[in-house]
Chemist: 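Could you have a look at this structure, given as structure tokens, before my questions?
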2 protein chains.
Amino acid sequence: MKPTVHDIAKIAGVSLATVDRVLNGRPGVRSVTRGKVEDAITSLGYVRDLAAANLAKSRTYSFVFILPANDNSFMIGLHEEVRGAVARSSSERTDIRIVDVPPFDPGALVTALETVLAEKPAGVAFVAIDAPEVRAAARRLSEAGIPMVTLVSDLPDSSRDHYAGIDNIAAGRTAGSLMGRFLSGPLMDERGATVAVLAGSMLVRDHRERLEGFSTVIAHAYPNVHILPVLEGRDDPALSEAMVSEALRRNADIAGIYSLGAGNRGLIRALQKAGAVRRPLVIAHELTASTRAALADGVIDAVLNQDAGHEVRSAIRVLKAKADGLPVLAAQERIRIDIFLKDNLP
Amino acid sequence: MKPTVHDIAKIAGVSLATVDRVLNGRPGVRSVTRGKVEDAITSLGYVRDLAAANLAKSRTYSFVFILPANDNSFMIGLHEEVRGAVARSSSERTDIRIVDVPPFDPGALVTALETVLAEKPAGVAFVAIDAPEVRAAARRLSEAGIPMVTLVSDLPDSSRDHYAGIDNIAAGRTAGSLMGRFLSGPLMDERGATVAVLAGSMLVRDHRERLEGFSTVIAHAYPNVHILPVLEGRDDPALSEAMVSEALRRNADIAGIYSLGAGNRGLIRALQKAGAVRRPLVIAHELTASTRAALADGVIDAVLNQDAGHEVRSAIRVLKAKADGLPVLAAQERIRIDIFLKDNLP
DNA sequence: GAAATCCTGAGGTACGTAAATCAAAATTTG
DNA sequence: CAAATTTTGATTTACGTACCTCAGGATTTC
């Protein structure tokens, strides 16, 4: 039988009230008495029954998710997953609120964080923008004792408690490795191959990191693959399409394209317009309706994906654990880089 | 505020006892009254507070995991993960027991299932062997109302409630696709390429399915890749090593090896002995200490992996949900095929 | 040594549900 | 219509913890 507070009281020879005072750090206990109680706790191996405690407190974890109001499929999917969590929240003793902020806007994010700080929620998850003022705002939240998880995009070396997202350098390396291997052979002659990279913006950390990983692997392992200057399509379909079309026109020898941002709709349109004759090898990020279709059709060769649902659920689990001062199961919370070929589409 | 049983009683104009009778399907309620209560329940959108209910019942979910006493790294890892779950079980209101059975032995598995049936646990997870007698035993458990999850290896078209494992046909297809793509080029001349397949046993369903997926993709998409007759190493290091060494000796032109079973230690030794001159492209299953090292060293090119920890945790979540008659979040419980290159090793 | 402060015990209520008892009311049966 | 039966209400206890009050004992302070 699991030990309860009553057992502690009996063993320590004190009253229930005193046990309660010790357990919940309330004042009014002499250190000798506190010692007796603590000994009883450890000797019994007592662990507080969280479910009962939460019931008694009639506690609900109030979490805030700050999400950029981006209109690409991935962010829309992320929103959806958070809304799904909101729907399930009543049965999970959570009360999740979504705060939308304009994308790529550090100032707006800081304002949102400040507003959230005033409400003192039980935890905050946000898609970070790597800027000093954001870091400072995060520190203020941390000092206020509010657990904090970065989502999708990290804020390294900051006061955040956890990052629920993929390792973007590893993702870039993986893309580079796949690109190098897939290109070696039919698409590459003795002079090497040319690869184009389509990004959203080099101001965003994840994009920078992916490019960094990609370039490193290509430079070291596939030296005869040549990377063209990065196309920054700002994750905008029309702009991305124009840039890719233009690049394909100007460089007849493009053998591969790495799309590391969210501009895939434009990319796919450009590729379709270019026709079947010019079929470069394409590696993209994020499995959405359009990339999935393109993968099935053979327009895209591989998709690296992060599962937004997993990220959201992981963020919630971690925030709960942090709010309760519990340890986090690292292996469970590591967000993996999914590699999809058309053969393992779920 | 979330509605409680008291609210239902008030709205329906009945007593708490009657609400309890309706909620828990106890007898002694006229259908008119039952109707009033049910109306109140739906109109209030009442959902039973599981935590409170479990507290009141002082309920613990008793689960049994039946695992083969196999000595390969994957099964050892699986055992470890279940033991980890056992360690956490007290705080999760679960009481997990592990039953070891001899591997590849349908009779022993059936006996174990029968024994478990007698104890009437709240749920059972087991690594299935695809045999009629196992199917029959599973049916008896199902008829006794015991939730059942197959782990790692499935028992399709049976009475099991859920399968916590990967789609092995898709895994085989993915391996085939990677093999075909990686081979096309430097390792393949106009006459095509030869590929060897190392399996544990063709009697095991997962191995059959992986081979099926692999062969299908190779046949359709890479017709000039030729697959040698399957080597059945029975997941035994020494035997696997001997078979691979022998195959490499006899077929000087082996360009690729697909290891779809658990005989990787032997495979790696054979490859190391063959030396750096003969470096076939190698794709293996399950990320273990040895495959991880081989991947880092470039002896293995890609590893397909199923995360045992995820499988165990998923099985427990599903068993809990089934025991409570709750729906399962399919997206959360889908076990994914991880693809590891040396660039995305965790 | 009295007054003030600090510690501790005893007891209760609450959280939302389960489960039981017993009496009263309603309904059916003969 | 009375007796037997079924249905319902009222009330209680329990699960394990949190949190509150109040009284009285133990210490400290002046």
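The basis for the numbers below is simple: all heavy atoms, side chains too, and nothing from hydrogens, waters or symmetry mates. Here is the naming used below: chain letters follow the sequence lines, and residue numbers restart at 1 for every chain.
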Chemist: CZ of B/Arg93 versus P of D/dC15: gap in Å, rounded?
Modeler: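 Distance check: B/Arg93 CZ to D/dC15 P gives 12 Å.
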
Chemist: Which residue lies toward the 5' end of DNA chain D, A/Ala56 or B/Ser31, if each is placed at its nearest nucleotide?
Modeler: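 Nearest nucleotide further toward 5': that of B/Ser31.
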
Chemist: Give the nucleotide from the list D/dA18, D/dG9, D/dT17 with an atom nearest to the side chain of A/Thr4.
Modeler: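 Minimum distance to the A/Thr4 side chain belongs to D/dT17.
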
Chemist: Just how far, in rounded Å, is P of D/dT11 from CZ of B/Arg21?
Modeler: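 These atoms are roughly 14 Å apart.
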
Chemist: Rounded to whole Å, please give me the gap between CG in B/Leu55 and P in D/dA14.
Modeler: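 Taking CG of B/Leu55 and P of D/dA14, I get 14 Å after rounding.
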
Chemist: Indicate yes or no: at least one non-hydrogen side-chain atom of B/Gln306 is less than 4.5 angstrom from one of B/Asp338.
Modeler: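 Of all side-chain heavy-atom pairs linking B/Asp338 with B/Gln306, none is under 4.5 Å.
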
Chemist: Mind grabbing the angle between the end helix axes of the helix from C/dG1-D/dC30 to C/dG30-D/dC1? Five pairs an end, 10° rounding.
Modeler: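 That helix has its two terminal axes inclined by roughly 30°.
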
Chemist: Could you check whether A/Arg59 pairs with A/Asp324 (Lys NZ or Arg NE/NH1/NH2 to Asp/Glu carboxylate O, under 4.0 Å)?
Modeler: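 Yes, this pair counts.
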
Chemist: Keeping the roles fixed (side chain from A/Ser43, backbone from A/Ala40), state whether a donor-acceptor pair exists under 3.5 Å.
Modeler: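 Present.
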
Chemist: Between A/Arg135 and A/Asp130, does any side-chain N to carboxylate O distance fall below 4.0 Å?
Modeler: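 Yes, charged N to carboxylate O under 4.0 Å.
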
Chemist: Toward the 5' end of DNA chain D, which comes first, B/Ser58 or B/Thr18, by nearest nucleotide?
Modeler: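 It is B/Thr18 whose nearest nucleotide is closer to the 5' end.
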
Chemist: Pick from A/Val127, A/Asp100, A/Val101, A/Ile98: which one makes a side chain to side chain contact (heavy atoms under 4.5 Å, CB included) with A/Ile66?
Modeler: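 Going through A/Val127, A/Asp100, A/Val101, A/Ile98 one by one, the side chain to side chain contact (heavy atoms under 4.5 Å, CB included) with A/Ile66 is satisfied by A/Val101 alone.
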
Chemist: Name the nucleic acid region contacted by B/Asp49, choosing base, sugar-phosphate or nothing; use a 4.0 angstrom heavy-atom cut-off, strictly under.
Modeler: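 Here B/Asp49 touches the backbone only, sparing every base.
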
Chemist: Please state how far atom CZ in B/Arg30 lies from atom P in D/dT5, giving the value in whole angstrom units.
Modeler: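 Those two atoms, CZ and P, are 19 Å apart.
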
Chemist: Heavy atoms only, 4.0 Å cut-off, all strands: where does B/Asn24 land among base, sugar-phosphate and nothing?
Modeler: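 Touches sugar-phosphate only.
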
Chemist: Within 45° of the ring axis of B/Tyr46 and under 6.0 Å from its six-membered ring centre, is that where the NZ or CZ of B/Arg48 lies?
Modeler: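 The answer is no, since B/Arg48 fails at least one limit relative to B/Tyr46.
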
Chemist: Could you give the CG-to-C1' distance, from A/Leu16 to D/dC22, as a whole number of Å?
Modeler: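 That distance rounds to 17 Å.
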
Chemist: Starting at atom CD1 of A/Ile8, determine the distance to atom C1' of D/dT17, rounded to an integer number of angstrom.
Modeler: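 After rounding, the reported distance stands at 11 Å.
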
Chemist: Salt bridge or not for A/Arg97 and A/Glu119, using N-O below 4.0 Å?
Modeler: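 Answer for the salt bridge query: yes.
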
Chemist: In plain terms, say whether B/Arg83 and B/Glu80 are close enough for a salt bridge, that is, a side-chain N and a carboxylate O under 4.0 Å apart.
Modeler: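 Looking at B/Arg83 and B/Glu80, the cut-off is met.
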
Chemist: What is the 5' to 3' range of DNA chain C, first to last nucleotide, that sits under 4.0 Å from any heavy atom of chain A?
Modeler: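 Result: C/dC7 to C/dG16.
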
Chemist: Classify B/Ala53 by what it touches in the nucleic acid, base, sugar-phosphate, or nothing, heavy-atom distance under 4.0 Å.
Modeler: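 Sugar-phosphate contact only.
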
Chemist: To the nearest angstrom, how far is B/Asn54 atom CG from D/dG16 atom C1'?
Modeler: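 Going from B/Asn54 (CG) to D/dG16 (C1'), I get 13 Å.
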
Chemist: Is it true that a side-chain atom of A/Asp7 and a backbone atom of A/Thr4 form a donor plus acceptor pair closer than 3.5 Å?
Modeler: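 Checking the backbone N and O of A/Thr4 against the side chain of A/Asp7, a donor-acceptor pair under 3.5 Å is found.
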
Chemist: Mind calculating the distance between CZ (B/Arg34) and P (D/dT6) to the nearest angstrom?
Modeler: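 The distance from CZ of B/Arg34 to P of D/dT6 comes to 15 Å, rounded to the nearest Å.
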
Chemist: When you measure from the side-chain N and O atoms of A/Arg48 to the phosphate of D/dA18, is any distance below 4.0 Å, counting only OP1 and OP2?
Modeler: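 Checking D/dA18 against A/Arg48, a side-chain N or O does come within under 4.0 Å of OP1 or OP2.
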
Chemist: We want to know whether A/Arg317 and A/His162 form a side-chain donor-acceptor pair, criterion being a heavy-atom distance below 3.5 angstrom.
Modeler: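 The answer is no; no qualifying pair exists.
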
